[in-house]
J.: 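Pasting in a structure now, in structure tokens, and then I'll have a few things to ask.
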Amino acid sequence: MIRTRFAPSPTGYMHIGNLRTALYEYLIAKHYGGRFILRIEDTDQNRWVDGSVEAIHNTLITAGLRYDEGPDIGGEYGPYVQSRRKDIYLKYAQELVANGKAYYCFCGKECLDALTEHEKYDRRCLNLTAEEIQAKLASGAPYVIRQLIPDGETRFLDLVFGDITINNDELDDQVLIKSDGLPTYNFANVIDDHLMEITHVIRGNEYLSSTPKYNLLYDAFRWKIPVYIHLPLILNANGEKMSKRKGDASFEDLLAQGFLPEAVVNYIALLGWSPADNNEIFSLPELIEQFDETRLSKAPSAFDTRKLTWINGEYIKKLAPEAFQAMSLPVLKSAVKTPGIDLVSVSEMVQTRINFIYEIPQLVDFIDKLPDYGAELYTHKKMKTNTENSLANLKHALTVLYGLNLWDLTHIHDALAGLVESLGIKNGQMLWPVRTALSGKPSSPCGAAELCALLGKDESLKRIQMGIALLESYLM
RNA sequence: GGCCUGUUGGUCAAGUGGUUAAGACACGGCCCUCUCACGGCUGUAACAGGGGUUCGAAUCCCCUACAGGUCACCA
């Protein structure tokens with residue numbers, strides 16, 4: 001059974017890189033029928049931000065990444081918050097001390113400060129006798145527990161980056177238990193991953209260099225080393241690491257900007273991973289099915305809002321009409337106050353024309369109020385229209401539409417088509433002026449006949465008359 | 001600075017010794033069309049640089065450059 005875990009610290013900000021890490025952890029677990037676990041790493045009390053556990057929960061759920069075990073839902077490997085596991089870690093550190101693989105260190109700030117910048121700890125406390133240690137412990141002197149790093153080299157295999165070997169000289173005797181009694185991140189991480197039977201450790205590339213430290217710990221305990229999968233970074237559009245400080249968007253920010261959660265998840269799945277075929281639009285179940293950890297890439301990738309925007313548009317377009325209405329109707333209701341407008345059909349018109357829901361109002365603003373527009377709008381080279389023939393054709397349209405008793409799309413359409421035929425003109429020469437008079441805009445979400453049907457007979461005729469008046473005064 | 005890692009069009013990316021070096025976004029053009037979109041077709045554009053190895057290198061090796069990560073009682 002594959003078990004993966006998402007282990008954020010509660011610092012209050014879920015950036016896109018974190019979310020993608022969680023996504024991949026979720027996908028790998030689910031692809032193989034395994035379990036996805038949420039664990040909060042709060043061994044640094046100073047960095048705790050209130051409410052961040054809720055924020056993490058909400059983000060994961062909104063993104064569709066339902067975890068199987070976690071702080072709020074429990075599980076058989078709990079607790080899932082490290083501060084509540086405090087007692088566990090000390091015991092394991094002491095076990096290492098008893099085996100000669102770790103030692104107490106009483107060095108305070110002053111003796112550590114004596115070390116120059118890139119110098120390793122000089123192991124002076126390793127020489128303490130058992131009596132000296134007992135005495136210091138009994139006196140209540142603050143201490144840490146350090147792991148004694150053996151000579152030699154440490155080698156590990158990462159599924160993405162391959163075989164990596166480093167010389168143990170590079171490593172300091174790492175602190176396992178801090179003087180406040182809490183474990184360091186690295187130590188707690190190894191203990192918990194082991195105890196929670198995590199099989200695949202999936203995390204950001206920034207942990208690649210510290211992986212040997214983890215393995216040295218697994219070795220000291222003679223525990224099975226998990227499969228490592230390190231993920232390349234996600235950069236912002238300037239090629240820099242994303243951060244809140246630089247104004248880069250978090251998942252929540254993106255949702256606030258109008259991106260759909262499914263679209264964001266879909267997009268970030270593609271940042272650092274590619275499917276075997278050329279498809280790019282995936283639902284979460286499809287991602288679960290197709291995700292393959294061997295197709296992860298090593299190179300960092302830049303977050304491209306334009307592509308996300310395209311994906312968002314794709315999601316909007318493929319929404320069933322009813323699902324789209326659930327989003328569009330509330331917006332339309334507040335954007336269109338004119339009574340009697342068929343908002344469901346407006347919703348349909350607008351669906352293929354937007355990438356964001358918030359773009360709807362500007363597309364339909366002409367319904368309530370005909371915008372002020374200039375006569376030059378009637379001149380369109382490709383439609384072969386100018387102010388003169390527009391005026392003439394508008395007059396014809398007015399007459400025919402005025403006489404139309406049945407005001408529905410079919411009849412309006414037929415009436416205008418008949419007019420085009422009897423006048424022997426091109427479609428656009430009739431339809432462009434009518435469309436223009438009705439919308440007052442260079443573009444509209446539908447054509448002339450649909451606009452007539454939408455606005456109703458009275459309003460349509462009124463707007464055509466206004467167009468005629470505008471052109472007459474312009475040509476005078 | 002030491003160590004580790006990375007580098008295919010503007011962006012995401014396929015590619016694992018022989019390809020006309022895919023595809024997507026963006027951008028341009030054409031078609032469809034009463035506008036704008038949608039849809040369809042199409043164009044511009046890439047193997048960081050230099051040495052090897054090989055009949056043959058984007059793919060293997062070395063050097064250089066650039067970028068990132070890491071060297072905490074942070075995670």
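Note that the coordinates shown come from a computational prediction; the quantities given were computed from them, not determined experimentally.
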J.: Near RNA chain B, under 4.0 Å by heavy atom, which residues of residues 229-236 of chain A?
T.: A:Leu233
J.: Rounded off to whole Å, could you give me the CD1-to-P distance for the A:Ile316 and B:G39 pair?
T.: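 So the CD1-P distance, A:Ile316 to B:G39, works out to 13 Å.
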J.: Would you say A:Glu421 has more than 12 foreign heavy atoms packed within less than 6.0 Å of its CD?
T.: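 Counting neighbours around CD of A:Glu421, 12 or fewer heavy atoms of other residues, nucleotides or ligands fall under 6.0 Å, so no.
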J.: What orientation do A:Tyr228 and A:Phe156 show, parallel under 30°, tilted 30 to 60°, or perpendicular over 60°?
T.: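 Rings of A:Tyr228 and A:Phe156: perpendicular, over 60°.
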J.: If you count every heavy atom of other residues, nucleotides or ligands that lies below 6.0 Å from A:Asp372 atom CG, does the total exceed 12?
T.: no
J.: Where do A:Arg435 and A:Ser444 come nearest, in terms of heavy atoms and distance?
T.: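 Minimum heavy-atom separation between A:Arg435 and A:Ser444: NE-OG, 2.8 Å.
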J.: Describe the nucleic acid contact of A:Ser439 in one word from base, sugar-phosphate, nothing, applying a heavy-atom distance below 4.0 Å.
T.: nothing
J.: Apply ring-ring contact (aromatic ring centres under 6.0 Å, His included) to A:Tyr267 and list each qualifying residue two or more places apart in sequence or on a separate chain.
T.: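 If we apply the ring-ring contact (aromatic ring centres under 6.0 Å, His included) test to A:Tyr267, skipping adjacent residues, the hits are A:Phe303.
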J.: I need the CD-C1' distance between A:Glu348 and B:A37, as an integer number of Å.
T.: 14 Å
J.: Does A:Thr352 get its side chain close enough to the base of B:C38, under 3.5 Å, for a donor-acceptor pair?
T.: no
J.: Say we look at B:G56 and B:U8: how far apart would their P atoms be, to the nearest angstrom?
T.: 26 Å
J.: How many Å lie between CG on A:Asn266 and P on B:A24, as a whole number?
T.: 16 Å
J.: So with a 6.0 Å cut-off around CD of A:Gln290, is the heavy-atom count from everything else above 12?
T.: yes
J.: Give the dot-bracket string for RNA chain B, reading 5' to 3', where a pair is Watson-Crick or G-U wobble with both distances under 3.5 Å, ( ) marks pairs inside the strand, [ ] marks pairs crossing earlier ones, | marks a partner on another strand, and . marks unpaired.
T.: (((((((..(((.....[....))).(((((.......)))))....(((((..]....))))))))))))....
J.: Return the value, rounded to whole Å, for the distance between atom CG of A:Asn189 and atom C1' of B:C74.
T.: 13 Å
J.: Answer yes or no: is there an ion pair linking A:Glu95 with A:Lys91, defined by an N-O contact shorter than 4.0 Å?
T.: no
J.: Evaluate A:Thr294 against A:Asp292 for side chain to side chain donor-acceptor pair (under 3.5 Å), listing each step before the verdict.
T.: CA-CA 5 Å; A:Thr294 66; A:Asp292 174 355; 2.8 Å; yes
J.: Going by distance alone, is a donor N or O of one side chain under 3.5 Å from an acceptor N or O of the other, for A:Tyr315 and A:Asn266?
T.: yes
J.: Could you run through nucleotides 2-15 of chain B and give me one letter per nucleotide, 5' to 3': B if any protein heavy atom sits under 4.0 Å from the base, S if only the sugar-phosphate is that close, - if neither?
T.: SSSSSS--BSSSSS
J.: Roughly, in whole Å, what's the span from CD in A:Gln174 to P in B:C73?
T.: 10 Å
J.: Taking atom NE2 as the centre, does A:His396 end up with more than 12 heavy-atom neighbours from other residues, nucleotides or ligands that are less than 6.0 angstrom away?
T.: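 No.
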J.: Within a reach of under 6.0 Å around NE2 of A:His413, are more than 12 heavy atoms found that belong to other residues, nucleotides or ligands?
T.: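 No, not enclosed.
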J.: Assign A:Lys441 to base, sugar-phosphate, or nothing according to its heavy-atom contacts below 4.0 angstrom with the strands shown.
T.: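 No contact at all - A:Lys441 keeps every heavy atom at 4.0 Å or more from the nucleic acid.
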J.: Rounded to whole Å, please give me the gap between CZ in A:Phe356 and C1' in B:A37.
T.: 16 Å
J.: Validate the cation-pi geometry between A:Lys136 and A:Phe106: distance from NZ or CZ to the six-membered ring centre under 6.0 Å, angle to the ring axis within 45°.
T.: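 Yes, cation above the ring, under 6.0 Å and within 45°.
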J.: Here's one to test your reading of the geometry: is the NZ or CZ of A:Arg203 within 45 degrees of the ring axis of A:Tyr185 and under 6.0 Å from its centre?
T.: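 No, A:Arg203 does not lie over the aromatic ring of A:Tyr185.
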J.: Looking only at atom C1', what distance separates B:C32 and B:G68, rounded to whole Å?
T.: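 Their C1' atoms lie roughly 48 Å apart.
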J.: Any salt bridge linking A:Lys318 with A:Glu262? Criterion: basic side-chain nitrogen under 4.0 Å from a carboxylate oxygen.
T.: no
J.: Can A:Tyr378 and A:Tyr373 be counted as having a side-chain donor-acceptor contact under 3.5 angstrom?
T.: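 Side-chain D/A pair, A:Tyr378 to A:Tyr373: present.
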J.: Looking for any heavy atom pair under 4.0 Å, which part of the strands does A:Val175 touch: base, sugar-phosphate only, or nothing?
T.: sugar-phosphate
J.: Any protein N or O atoms within reach of nucleotides 31-36 of chain B? Criterion: under 3.5 Å, listing atom names and distances.
T.:
unit_1, atom_1, unit_2, atom_2, d
B:U33, O4, A:Lys382, NZ, 2.9
B:C34, OP1, A:Asn427, ND2, 3.3
B:C34, O2, A:Ala448, N, 3.2
B:C34, N3, A:Ala448, N, 2.9
B:C34, N4, A:Glu450, OE1, 3.3
B:U35, O2', A:Pro442, O, 2.6
B:U35, O2, A:Ser444, N, 2.6
B:U35, O2, A:Ser444, O, 3.1
B:U35, N3, A:Ser444, O, 2.8
B:U35, O4, A:Cys446, O, 3.4
B:U35, O4, A:Gly447, N, 3.4
B:C36, O2, A:Arg353, NH1, 2.5
B:C36, N3, A:Arg353, NH1, 2.1

J.: 5'-most contact on RNA chain B: A:Trp310 or A:Ile354, nearest heavy atom basis?
T.: A:Trp310
J.: Say we look at B:C38 and B:U33: how far apart would their C1' atoms be, to the nearest angstrom?
T.: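 It works out to 11 Å between them.
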J.: Is a donor from one side chain sitting under 3.5 angstrom from an acceptor on the other, for A:His411 and A:Asp408?
T.: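 Yes - a donor-acceptor pair under 3.5 Å links their side chains.
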J.: Please write out the pairs of protein N or O atoms and N or O atoms of nucleotides 19-22 of chain B separated by less than 3.5 Å, giving the distance to one decimal.
T.:
none

J.: Write down the distance separating the C1' atoms in B:G52 and B:U59, rounded off to the nearest Å.
T.: 15 Å
